[in-house]
Amino acid sequence: MKKMDDTSTGSWTLTNNPTSSAGKNSCHPNLKMFLAALSFAYFAKALTGSYMKSTITQLERRFDIPSYLIGIIDGSFEIGNLLVIAFVSYFGAKLHRPKIIAVGCILMSFGTFLIAMPHFIIDRYKIETSVRWSVNSTNNLSPCRASSPESTRAGDRPAILPSRGCERESSVSMWVYVFLGNVLRGIGETPVQPLGISYIDDYAQSENAALYIGCVQTISVIGPVFGYLLGSLCAKIYVDIGYVDMETVTINPGDAHWVGAWWLGYLITGTITLTSAVPFWFLPKSLPMPVDKHDTSCTPEQTRFIKDSPTMEHKFRPEEPANLHQMAKEFLPTLKSLLGNPVYITFLCVTIIQFNSLIGMVTYKPKYIEQHYGQSASKANFLMGMINIPAVALGMFSGGVVMKKYKLGIMGAAKFTFGTSLLGYFLSLIFLVMGCENSKVAGVTVSYTGVEGLSHQEQSVSSDCNSGCLCSRREWDPVCGENGITYMSPCLAGCTSSTGAGRNTVFDNCSCVFLADTQQGNSTATLGQCPRRDSCDRIFPYFLALSVLSSFIISLGGTPGFMLLVRCIKPELKSLALGIYTLATRTLAGIPAPIYFGAIIDTTCLKWGIKMCGGRGACRIYNTSAYRIVYLGLTLGLRTISFLLCISGFALLKRHIKKEEKNAPTNGSAELESLWKEEKSSIHCQPFILASDCNPDRETHL
């Protein structure tokens, strides 16, 4: 073949290609390293995110804050994400993408360490208790302190008196550090997905890109499983392990004021996230283009002809940065066109409402299992990680398989998504009747004589049986009487003596513990709340089974539902549509849902803890029936509203499909005629025209 001379690149032949290893290797070694690194980064961020969900009750108790503040902390991740997503998506694509991802992973790890920091700068966790004696002492003090002139002057003050550290802790609430750490996590997470996925899409073979992205997404599903399992493990370990003598700790993981080693998990996940940043520093800014993304027969002259031609540059160089004025001028008409699509707007509204229901439910589900079924935080997290999360992952995968096997179109995907969601909704209605009765707590849910159903006005923690004791009404140091009723403290149970030490302490001569057969006091009580009734234990396995089944069925519609979003809009509007979709769901669902769910749950609290410096702390016991109604009622109510919108959505979708089918023949003829004219006026180099760009320095912008 004849050689063609080029002053800048040396000799070329028509049969030779520009130097590139892309044609030789189906997957470049650096691309494999990037895939492994991105998968690890996805795993790390999913691990930390799910661990955060698993620690909400631990954080509530440790910082003595209500549920709505936990909702604010949980939503702060989305706030951090939204602060920088526009800048990262635009500028990050023009810079060194692997290094930008590495910086994001470092920020995520620093944010995670910041969340754990309060544990090391505040005092040890103090348990509310009226038991004050040395473990080695044989003369235990009486829980029932008889009234005296000296004790009367003390009044009904809290058992834990304010200290000098109180002023320091009250000036800057420790939960603010957790909030700021989660915001930093959100900022750091921003570049991982858009820049990582775009990097794979740019430098992977077209037929392999979807597989690689699917593998990365699959790895990210494993993260929540390990996150909840780590949460289960840390919840079993006492918060101040290594700092206190465990023999002096009189509570166990099942108690309402137990706090696990929440900080330990954040140190572990922060270290893992920091490690995930390392590989990205050694990856190049760009890789050789795969053979199917540039034409192999293009010579430098042909490439330069395309690049220099005024008619071809606009048509075949879409990745060139457009004029900012032109972009701004075209943005509003494009946005108007997108928001004028009734199918897209209806789908967006339905998704926002569904996400509000989903996020609120998932955030507080471990807490619901704890409070309603009397399970420990450790067991609740274990069940979420081992049962619920795998069911959701299997459902999403199965939905994709069904869609591919039966080749569901846009209407088929809509019907399948609606059907699975509706079936899951009907199954979830059964949860309303799978309830447990309130725990029997004297003076809160039952009277001291055992009469159930006290109204708010009738609640009184004092009674004639403990009137001779000077008891604090603020303490929450529960004991379980022989009669199966829980008392807020040994003092309020009227106990005058005790035997044993530590967790084996038994309180004797409790004047308020009445046995049913004798109706006389002076019985015994043990540390901790009384266990739930057998009927509640029998219901719990059925609750788990139904939870797994409903989660699986609802998740079946996840993949077809997302494809419905992609297919109901014009191809040139997809990027903008997905951007608005992400922005809307995070702003209108990810941030507010945990907050108002938490605020509504707070209304069902029966007994609030008291902070060291005074003021309301974390809730100690909830009205179980009211909790079930507001939690499930709000979840199902939001989904009911979304189904009503779906009815109008189906009508709009049918009209949209008919319109597209009607316009298809006309559009098809016009496109064929346009293509024929292009063919006649082409420059007779169709192979490299179809390649659209033969420049090896090509860079894709988001």
Side-chain angles (χ1 to χ4, degrees), residues 50 53-54 56-57 224-225 228-229 231-232 235-236 253-254 256 354 357-396 398-399 419-440 445 452 484 486 529-558 597 600-601 604 621-640 643:
S50 56
K53 298 281 187 188
S54 74
I56 61 170
T57 53
V225 176
Y228 278 105
L229 291 180
S232 174
K236 290 182 180 179
Q354 290 268 15
S357 174
L358 175 66
I359 292 170
M361 180 194 68
V362 172
T363 301
Y364 294 100
K365 191 168 187 177
K367 181 173 180 173
Y368 178 75
I369 293 174
E370 292 177 48
Q371 297 295 332
H372 197 76
Y373 294 100
Q375 305 298 321
S376 66
S378 175
K379 186 173 182 180
N381 290 327
F382 178 81
L383 294 172
M384 283 289 291
M386 290 301 294
I387 299 178
N388 267 82
I389 301 299
V392 171
L394 181 61
M396 294 182 68
S398 301
T420 54
S421 186
L422 189 62
L423 179 57
Y425 172 81
F426 287 131
L427 288 175
S428 298
L429 289 174
I430 304 175
F431 288 132
L432 289 170
V433 299
M434 300 180 71
C436 295
E437 298 178 4
N438 283 323
S439 298
K440 289 185 175 182
T445 59
E452 298 186 21
T486 299
Q529 288 181 247
C530 294
R532 295 276 179 173
R533 298 177 182 178
D534 293 340
S535 58
C536 190
D537 292 335
R538 288 194 294 268
I539 292 174
F540 185 59
Y542 295 103
F543 166 82
L544 288 179
L546 186 62
S547 178
V548 170
L549 181 61
S550 61
S551 297
F552 172 77
I553 291 175
I554 293 172
S555 300
L556 279 172
F597 262 81
I600 292 175
I601 289 172
T604 66
I621 184 171
Y622 290 88
N623 183 329
T624 303
S625 300
Y627 192 137
R628 181 178 72 254
I629 292 171
V630 300
Y631 172 72
L632 296 177
L634 185 56
T635 301
L636 296 172
L638 289 169
R639 288 164 65 182
T640 302
F643 290 141

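These numbers were taken from a predicted model, which means no experiment stands behind them.
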Heavy-atom closest pair, residues G424 and S550: O-CB, 4.3 Å

Which heavy atom of P224 sits nearest a heavy atom of S50, and at what distance? CA-OG, 3.2 Å

Does F543, at its CZ atom, have more than 12 non-hydrogen atoms belonging to other residues, nucleotides or ligands within less than 6.0 Å? yes

When rounded to the nearest 0.5 angstrom, what is the spacing between CD1 in I629 and OG1 in T604? 10.5 Å

Pair F597, I359 - check side chain to side chain contact (heavy atoms under 4.5 Å, CB included), show working. CA-CA 9 Å; F597 262 81; I359 292 170; over 6 Å; no

Quick one: closest heavy-atom pair of I600 and L634, and the distance? CD1-CD2, 3.6 Å

For the atom pair CG (N438) and CG (N623), what is the distance rounded to the nearest 0.5 Å? 4.5 Å

Would you mind reporting whether P390 and L394 have side-chain heavy atoms less than 4.5 Å apart? no

So, do Y373 and M434 sit near enough that their side-chain heavy atoms are less than 4.5 Å apart? yes

For Q354 and R639, the nearest pair of non-hydrogen atoms, with its separation, is OE1-CG, 3.7 Å

Here the pair of heavy atoms bringing I601 nearest to Y622 is O-CE2, 3.6 Å

Polar side-chain atom of S378 near backbone of A235 as donor-acceptor pair, under 3.5 Å: no

For the residue pair K365 and S547, establish whether any side-chain heavy-atom pair is separated by less than 4.5 Å. yes

Rounded to the nearest 0.5 Å, the NE2 atom of H372 sits from the SG atom of C436 at a distance of 4.5 Å

Sub-3.5 Å donor-acceptor pair from the side chain of Y631 to the main-chain atoms of M361, do we have one? yes

Starting at CG of L423, measure out to CG of L556 and round the result to the nearest 0.5 Å. 9.0 Å

Evaluate the criterion side chain to side chain donor-acceptor pair (under 3.5 Å) for residue pair K53 and T363; output intermediate values, then yes/no. CA-CA 6 Å; K53 298 281 187 188; T363 301; 2.9 Å; yes

Quick check: do I56 and P366 have side-chain heavy atoms less than 4.5 Å from each other? no

pair T624-T445: side-chain heavy atoms closer than 4.5 Å: no

How are the rings of Y627 and Y368 set relative to one another: parallel (under 30°), tilted (30 to 60°) or perpendicular (over 60°)? tilted

Do F552 and V392 come close enough that some side-chain heavy atom pair is under 4.5 Å? no

Looking only at heavy atoms, which two atoms of I621 and S439 are closest? And how far apart? CD1-CB, 4.3 Å

Would T57 and E370 count as a side chain to side chain donor-acceptor pair (under 3.5 Å) if you check the C-alpha gap in whole Å, the side-chain angles of each, and the deciding distance to 0.1 Å? CA-CA 9 Å; T57 53; E370 292 177 48; 3.2 Å; yes

Does N381 reach the main-chain N or O of Y228 with its side chain, forming a donor-acceptor pair under 3.5 Å? no

About how many Å separate CG of N388 and CG of L544, when rounded to the nearest 0.5 Å? 8.0 Å

With a 4.5 Å cut-off on side-chain heavy atoms, are F540 and L383 touching? yes

Check whether S357 reaches the backbone of T635 with its side chain - one donor and one acceptor, N or O, closer than 3.5 Å. yes

